[in-house]
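Numbering of residues begins at 1 and proceeds along the displayed sequence. None of these values were measured; they are calculated from a predicted model. Heavy atoms only: backbone and side chains are in, while hydrogens, waters and symmetry mates are out.
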Amino acid sequence: MKSSLPKFCLCILAWFFLVPLFSQAQTPTWTLAYQLPAKGNALLSIDRFDRTYLSDTRQNIIQIDTVGKVLNTFSPPTQGRVAMVEAWSPAKISVFYDDRQRVQLLDRFLTPLGLADLREYTDGTIRAATLAADDRLWLFDETTFRLLKVDTRVNSVVFENPLELLLDRRQHDITFMREYQGKLYMVDRSSGIYVFDNLGNYQKKLPLPNLTYLGFLGDELYYLSGNQLQFQHLYTFQTRTISLPEQTLSYRQVLIGDKYVYLLTNDTLFAYRRRQGLF
């Protein structure tokens with residue numbers, strides 16, 4: 001009896017610690033708040049007031065409130081292909097048109113604030129652009145293979161970082177950039193996420209390939225993998241997984257707001273109520 005008790009205790013301890021390692025993804029109960037037809041639209045960004053921003057087939061930017069009502073629409077005077085929209089800044093929204101190599105700045109009512117012609121800063125082709133926390137612009141120049149930071153108020157390049165030693169020119173596909181908590185995150189679909197400080201100095205690489213978009217929530221980044229939502233802590237690198245609703249659907253993008261979780265398929269935008277403690 002004395003010899004079997006320690007074995008029994010060890011088995012209990014092993015079960016206690018190992019079960020979480022092999023547990024399935026969390027499967028919450030989802031509550032649908034509303035859904036909207038979104039055929040031909042792309043969910044691009046979300047602001048700090050839970051308003052979502054989509055582009056339609058004519059490349060107009062549509063602002064939608066928390067009950068699914070269209071608030072404002074921005075129609076550019078000259079058509080261009082919308083490659084990226086960022087609405088996280090409390091003061092302005094940036095829209096990057098990659099075919100025209102321009103960044104349009106808008107206020108919270110989608111009223112134009114200014115237009116930056118990126119060809120004034122480089123002879124190369126800008127593949128990705130995003131607003132920096134200091135109101136400047138981060139640019140990835142694919143031709144000259146540089147990370148640039150430009151100040152549109154004085155029309156000058158204030159920082160540049162050659163990326164030859166960091167990225168392979170032949171095997172890269174930069175799809176997204178975002179500054180968050182004093183770091184710049186650059187998504188390379190071919191190899192993972194490159195992390196820079198707010199001065200543009202390289203810090204590390206997160207080996208998460210096959211991504212085109214990245215979201216942030218608190219101290220975690222998140223991304224869509226199949227029909228599951230993957231989280232990774234920015235500092236401890238711990239991961240967790242949450243199963244999404246309606247597993248028969250194919251989701252294109254997910255965004256987590258203050259009150260809702262937004263999921264986009266090829267033809268529908270779903271807004272689910274966010275559960276505190278889970279997201």
* Structure fact -> Rounded to the nearest 0.5 Å, the CG atom of D98 sits from the CZ atom of R81 at a distance of 4.0 Å
* Asked: When hydrophobic residues are tied together by side-chain contacts of less than 4.5 Å, even through go-betweens, does L214 share a cluster with L208?
  -> yes
* **Verify same cluster id: L249, L263 (apolar side-chain graph, 4.5 Å)** => yes
* Structure fact -> In this structure, CZ of F145 is separated from CD1 of I174 (nearest 0.5 Å) by 7.0 Å
* May I ask you to test the L224-Q253 pair for a side-chain heavy-atom distance under 4.5 Å? => no
* **Test log, rule side-chain contact (heavy atoms from CB on, under 4.5 Å), inputs T144 and E160** => CA-CA 11 Å; T144 62; E160 61 178 288; over 6 Å; no
* **Atom CD of E164: over 12 foreign heavy atoms under 6.0 Å** => yes
* Point-to-point distance, once rounded to the nearest 0.5 Å, from CG of L113 to OG of S94 -> 11.0 Å
* Asked: Going from OH on Y121 to CD1 on I126, what distance comes out if it is rounded to the nearest 0.5 angstrom?
  -> 11.0 Å
* **Residues forming a side chain to side chain contact (heavy atoms under 4.5 Å, CB included) with D50, sequence neighbours excluded** => I46, T66, D258, K259, Y260, Y262
* Hey, is CD on Q203 packed in by over 12 heavy atoms from elsewhere, all under 6.0 Å? -> yes
* **Flag if over 12 foreign heavy atoms under 6.0 Å of CZ, F109** => no
* **Test: R58 and D56 ion pair at under 4.0 Å** => no
* **Whether over 12 other heavy atoms sit under 6.0 Å from K39 NZ** => no
* Asked: Would V187 and L234 show up in the same hydrophobic cluster when neighbours are defined by side-chain heavy atoms closer than 4.5 Å?
  -> yes
* Pair D188 + K205: basic N to acidic O under 4.0 Å -> no
* To do: Kindly give the cluster partners of L110, where membership spreads through any ILVMFWY side chain lying under 4.5 Å from a current member.
  => L44, Y53, I61, F74, V82, V85, I93, V95, Y97, L106
* Between the side chains of D219 and Q181, does any donor sit under 3.5 Å from an acceptor? -> yes
* Residue of the set F231, Y222, Y185 for which ring pair (Phe, Tyr, Trp, His ring centres under 6.0 Å) holds with F216 -> Y185
* Do you see a donor-acceptor pair shorter than 3.5 Å between the side chains of S190 and D173? -> no
* Hey, does L147 have a side-chain heavy atom less than 4.5 Å from the side chain of M177? -> yes
* Structure fact -> Taken to the nearest 0.5 Å, the spacing of L163 CG from Y194 OH works out to 9.5 Å
* **Spatial distance of atom CD1 (I193) from atom CG (L184) [nearest 0.5 Å]** => 11.5 Å
* Between K69 and D65, does at least one N-O distance fall below 4.0 Å, as a salt bridge requires? -> no
